[in-house]
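Reviewing the structure listed below.
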Amino acid sequence: MAKAKLSDEVKTYIVQALACFDSPSVVAAAVKKEFEVDVSHDPNKKAASGLAPKWKALFEETRKTFLEDTASIAISHRAVRLRALRMADKAETQGNMVLATSLMKQAAEEVGKAYTKRRELAGKDGKDLPVPVSPVTIFQLPDNGRS
């Protein structure tokens, strides 16, 4: 039984999805849903062997654009992530203090570890600061009649 030939539209979809790091099984499921075409993949085969130069070029260009263009991915922006963390208010209102605390911690981390009091200080040329030595105070305990 001969395999049905895929249209260029389906091939483009597959190449671009793989270039964006979607797994072959995820791509196969998406192609079935989007195009109603059943594509199987054999994980033991080298999928790119014998691939036409036009598809290799499309893959490389899509991968390059995907990696460079994080600005178009909303979750890559701190403001978007902080906005999503507003659910801490809802969790607190519902009495889920563990979740609320976790989300607040995550929000604090998002803005630069603002929840800690840790300060890193360095001396001249990035060397450690000298540790201040405090003088030891010697005091006498009361005798309480035990001599």
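Scope of the values below: all heavy atoms of this structure, side chains included, with no hydrogens, waters or symmetry mates.
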Worksheet item: Thr12: what forms a side chain to side chain contact (heavy atoms under 4.5 Å, CB included) with it, not counting sequence neighbours?
Response: Gln16, Trp55, Leu58
Worksheet item: Quick one: ring-ring contact (aromatic ring centres under 6.0 Å, His included) partners of Phe59, sequence neighbours excluded?
Response: none
Discussion item. Distance check, rounded to the nearest 0.5 Å: Arg83 atom CZ versus Leu85 atom CG?
Written reply: 12.5 Å
Discussion item. One pair to check against side-chain contact (heavy atoms from CB on, under 4.5 Å): Val31 and Leu6. What are the steps and the verdict?
Written reply: CA-CA 11 Å; Val31 168; Leu6 299 176; 5.9 Å; no
Worksheet entry | Between CD on residue Gln94 and CE on residue Met87, distance to nearest 0.5 Å | 12.0 Å
Fill in: side chain to side chain contact (heavy atoms under 4.5 Å, CB included) involving Asp89 - partner list, sequence neighbours excluded
none
Practice prompt. Test side-chain contact (heavy atoms from CB on, under 4.5 Å) on Leu67 and Phe21 and set out the steps.
Written response: CA-CA 10 Å; Leu67 292 174; Phe21 299 100; 3.7 Å; yes
Worksheet entry | Residues which pass side chain to side chain contact (heavy atoms under 4.5 Å, CB included) with Glu60, listed by chain and number, not counting sequence neighbours | none
Response to the item:
Contacts satisfying salt bridge (charged side-chain N to carboxylate O under 4.0 Å, His left out) that involve residues 7-21 (not counting sequence neighbours) are Asp8-Lys54
Worksheet entry | From Thr101 atom OG1 to Glu92 atom CD, the distance as rounded to the nearest 0.5 Å | 8.0 Å
Practice prompt. Can you see which heavy atom on Leu18 is nearest to which on Ser23, and at what distance?
Written response: CD2-C, 4.3 Å
Worksheet item: At their closest point, which heavy atom of Ala91 faces which heavy atom of Ala100, and how far apart are they?
Response: CB-N, 3.9 Å
Worksheet entry | All side chain to side chain contact (heavy atoms under 4.5 Å, CB included) counterparts of Glu61, not counting sequence neighbours | Thr65
Worksheet entry | Distance-minimising heavy-atom pair for Ala28 and Val39 | CB-O, 3.5 Å
Worksheet item: Any idea which heavy atoms bring Cys20 and Thr62 closest together, and the distance?
Response: SG-CG2, 4.0 Å
Worksheet item: Is there a chain of hydrophobic side chains (I, L, V, M, F, W, Y, each step under 4.5 Å between heavy atoms) that links Leu51 to Tyr13?
Response: yes
